[in-house]
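What follows is a single structure, written as structure tokens, with notes after it.
Keep in mind it's a predicted model, so treat the numbers as computed, not measured. Order of the sequence lines fixes the chain letters, A, B, ..., with proteins taken first and strands second; residue numbering starts at 1 for each chain.
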Amino acid sequence: MLSLKLAIKNLLGAGLRTWLNVIALSFAFVLIIFYNGMIDGWNRQSKRDTIDWESGKGQFWHPEYDRYDPYTIEDSHAPLSREILEEIEKKNLAPVLVSQATAYPQGRSIGVTIFGIDPKQTILKLPTATLPASNGTDYAIIGKSMAESANLSVGDNLLIRWRDKNGTFDAREIQIASIFKCDVPIVDKGKIYIAIETLQEMLGMENEATLLVTGEGFEFRELNGWVFKDNDFLLADMEKIIQSKKVSGSILQALLLIIALIAIFDTQVLSIFRRQKEIGTYIALGLTRAQVVGIFTVEGAAHSLLAILLGSAYGIPLFLWLNRTGIAMGYAEDMEFDLPLAEVIYPYYSIRLIIITVIIVIITATIVSYMPARKISKMKPTEALKGKLQ
Amino acid sequence: MIRFLIKGILRDRSRSLLPVIVVALGVFLTVFMSGFFKGVMTDMIDMNAKFSSGHVKVVTRAYAENADQAPIDLAILGVSDLKNQLQSAYPDMEWVERIRTGGLLDVPDENGETRGQGPAVGTAIDLLSPESGEVKRMGIQNSIVKGRLPEKPGEALISDDFAEKFSVAVGDEVTLFGSTMNGSMMFHTFVVSGTLRFGNSLIDRGAIFMDLQDAQIALDMEDAASEILGYYKHQPYDDIAAQSLTESFNARYSVESDEFSPLMTRLAEDAGMADYLAIAENMVGLMIFIFVIAMSIVLWNTGLLGALRRYSEFGVRLALGEEKKHIYRTTIYEAILIGIIGSFVGTLLGVALSYRLQTHGWDFSELTGNIGMMMPSVFRAQVTPSMFYIGFIPGVIATVLGNALAGFAIYKRKTARLFHELEV
Amino acid sequence: MKRMKKIFITALMTTALVGLAAQDADQILETVDKNMSSKNRIFESDMVIQGRRNSRTITSVSYSVGDKQSFTEYISPAREQGTKMLKLEDKLWIYSPSTDRIIQISGHMLRQSVMGSDLSYEDMMDDRKMTEVYSATVAGHEEIDGRDTYVLDLTAKVDDVAYHSQKIWVDTERYVPLKQEMFAKSGQLLKRTTLSNVQKIQGRWFPMNMVYKDMLKDGKGTEFRVNSAKFDQDIPDYIFTKAALKQ
């Protein structure tokens, strides 16, 4: 404890240089937390968006269903049992019926997937409540990017053609009731949402569904004839990509930390060189060399404590502010991987992230302080006392 | 006097060489890191550019409208001609053709009949000519799970999950079945040279990476390609330049009434990309700032140390009757000289290495090994105007400051005490 | 009284006519089937496909027996030459000489367009007799290209049919359809086929020109021209085997 006090005193005595060291290290510290916090925030937001908009608390799939293989869709539908219907009534499950179709905006033909979804559902954020009941006209909701690529606006009619359960062609016009904005690209691109009853009637699949989205209130149990896919499975891809962004970011963070540490290392070398008299005095006073090495190591390492204090002094208000306003990302999409990317990212700083960063900064600062201090143990105390350069 | 000082610096190695080397090294690191940070940061943002959008992208107007469906029937015809024109009109960019298509990947049994098949995403890039740089650009090398890159025509890479599912081994044949640019049936058999993992489930289920020329033959796309992507050769994405490039190209080549005339779009056409770039810019600025501070501390320490080492020399000079003021002044002049020489050398080296890394890139795929997903594995530095002066901040100012502080001690103390302290 | 009698007779005749019409419609369809189907047939034909940039003509020879077996060999252009297609029941195999591979097309892939045309593999495969699939009523008469036609409304009587209803214009004299429209369940017009160049071959009238058009999409449609047609030939059985594909 004494040595820590002494160390801090010594450091503060060194004035400007100490503060520059501390500033550099504190920037590295704050930046590392900021970068990781941003990625974590993005990750959490993406996950939450995907859960809110698409996956719910996991989904029950028809055994044939495979979301990445459109050819499986046709055979993936089964009737809803009384048990399931009760859960739907309680809003614990949202049934979704899926069908492939062709849409014909302005004489072009584009492949689309139609999702029949319960307008009364509350599990997913999809604005299904804006779907008016069929009144001779069938209504659909679509996402912003779908609307752009098909050149559709609210009130427009879109001709779609599909095949019913027997393979018989059917076609009709549906009217766009509303256009939603969603940060999860796969919820938007190439998808058309209509009332599930309408789609059931269109396909001749009364009371059937392709998948069931589970909600908050659903008490998990196996449902006969359905395969449960948890969110570890449903969100696996996203997790991987975001992790990879973390890896590539860590290269820069490591460089940054190294630079800040070089400065500390160099300062240590200098102070040991300059303060040989002091070292000699310590030894003459009966301190063992190890203890003297300890004093200097602690002194160097104390840079990190000051850096953390300083970093907190401006970092905490900065982070709090960023957390309130978020970081604007515009309406960009990670085109290649269809990653959800919100317009504004709110960084998320976990206790774990902060503790780990603090520990890394302290440990590395201690190591670089210790390395030059080792030299002390090789000094001749008499020479040192005289302040002779060694 | 300056000449005298230079002589002194040149003749006394311990006074000159070491400090100059340290200053040069510090400045070099500062300059190089600033270029490297900038390049890496931009590169990371460049992922989209590398995989799909290019820094700029040329497709036909009709293709652009239906881009989601990768409609090869709307591909660019006479692509080599257009590419040549692009190359001569915009020589500072690298132009590459790519083809995207879809089809069925079919695995034969011993009789050449279907044993298994699945839908596949097909991508054709110039895999075989090393100068295209496409393999590195897409980071293919480090997403290979089994086997190797295609080395000759007729070889292709397929996704590992697909290979596992249908037990396709490296060296086996697979047939891509689909339709040609003209709508005819397309069959092309490839030898699987290796398998890939992309880290994206949709593509991992079925994908094939083939050489551009193979694809052109298979898809009846002689002298045609889905798209031409343009990349800045010696620098990362520059939105202002890209915008004027896009405008000048479209004004010259793109005809609104001709749906098959080429249309150029740029990476930042998405509004969000610009924000992205701005954030990167700020991050880079901050990093360089930290680096300059850290380097200043190091060089200040060095200056201080250099002056401290010379206390006995100062003692002798004082004894010989030299004025304190004069000693101090010469020390500062020396520091300035050393700072300038060191910064000059360091900046030169830093810019040179940055330039080299800008044009050639640093392939770190060996470092990361197989990361199980497709990611660009080449970092490029970027030479920026600020590089030419940024090194002088730590190089000159910090060195001088260090020496000044060390020399200041001389002023503060009595000459007699100085003698004692300096052990003359 | 005289007047009453006249009305009565008219009414009687109308009833008879209506009754006759229903019966007629199915009979007309049956006659059409007789014209259009045969025990087996060999066609040499050109398919003209209009792309967005160009049009292509693909020449092929096809052998078929009933609606269950068919074998097609492509003759030109050079790129397609030697490509063969075998259809047995609901299975389809395609052979490509360049790769020496036989690829089986099944399930949902059958719904893809054939060579960029307005026809899917399934369209090409589904040639059940119309009387098996549809029940017909006569909706009236119309003149097409100077020929009088019955207009028949067809409604599917089985479930597994691509088009729920059709409207066909049948030449009243030759019993050959001159126009055919396919409708979705909702009544939306999906496809239109125009048939022309009706010739007498081996005692039957047969339309040698057909143009298929997807009505939902912009485009000029796909033309199918029969250059030569032979009916009820001796076609060796081995043609309808996978072994024949590789020959």
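At a heavy-atom cut-off of under 4.5 Å, chain C is reached by B:T175, B:F177, B:T180 from residues 167-180 of chain B, listed in order of number.
Between B:E113 and C:L245, every side-chain heavy-atom pair lies at or beyond the 4.5 Å cut-off.
C:R53 contributes atom CZ, which lies 4.0 Å from atom CG of B:L77 (distance to the nearest 0.5 angstrom). B:N182 CG to C:E80 CD: the interatomic distance, rounded to the nearest 0.5 Å, is 9.0 Å.
Crowding of C:E132 atom CD: a count of heavy atoms from other residues, nucleotides or ligands under 6.0 Å exceeding 12. Annotation: B:K165, atom NZ; neighbour count of heavy atoms from other residues, nucleotides and ligands within 6.0 Å does not exceed 12. Other residues, nucleotides and ligands contribute over 12 non-hydrogen atoms within 6.0 Å of the CG atom of C:N197. In this structure, C:F43 places its CZ atom where more than 12 heavy-atom neighbours from other residues, nucleotides or ligands lie under 6.0 Å away. Environment of CG in C:N54: crowded, with over 12 heavy atoms of neighbouring residues, nucleotides or ligands closer than 6.0 Å.
Remark: the backbone N or O of C:Q104 is paired with a side-chain donor or acceptor of B:T114 at under 3.5 angstrom. At distances below 3.5 Å, not a single donor-acceptor pair connects side-chain atoms of C:R101 with backbone N or O atoms of B:T189.
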Exercise for the section: With side chain to side chain contact (heavy atoms under 4.5 Å, CB included) as the test, would you mind laying out the steps for C:S96 and B:M185 before giving the verdict? Expected result: CA-CA 9 Å; C:S96 115; B:M185 275 185 250; over 6 Å; no

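For a residue to count as touching a neighbouring chain, one of its non-hydrogen atoms must lie under 4.5 Å from one of that chain's; by this rule C:M85 touches chain B with the side chain only. Neither the backbone nor the side chain of C:I49 comes within less than 4.5 Å of any heavy atom in chain B. Both the backbone and the side chain of B:L74 come within contact range of chain C, with heavy atoms under 4.5 Å apart. In this structure, the portions of B:D220 lying under 4.5 Å from any heavy atom of chain C include both its backbone and its side chain.
The ring-ring contact (aromatic ring centres under 6.0 Å, His included) search around B:Y253 returns B:F249, not counting sequence neighbours. Applying the ring-ring contact (aromatic ring centres under 6.0 Å, His included) test to B:F162 and every residue at least two apart in sequence or in another chain returns B:F166.
When all heavy atoms are compared, the tightest approach of C:R56 to B:G183 is NH2-C, 3.6 Å. Considering all non-hydrogen atoms of both residues, B:F187 and C:I103 come closest at CD2-CD1, 3.8 Å.
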Which pairs would a plain distance check flag for residues 223-230 of chain C, meaning a side-chain donor or acceptor within less than 3.5 Å of a matching protein atom at least two apart in sequence or in another chain?
{"residue": "C:N227", "atom": "ND2", "partner": "C:E44", "partner atom": "OE2", "Å": "3.3"}
{"residue": "C:N227", "atom": "ND2", "partner": "C:D46", "partner atom": "OD1", "Å": "3.3"}
{"residue": "C:N227", "atom": "ND2", "partner": "C:D46", "partner atom": "OD2", "Å": "3.3"}

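Residue with the most contacts toward chain C among B:P119, B:A62, B:A75: B:A75 (heavy-atom pairs, distance under 4.5 Å).
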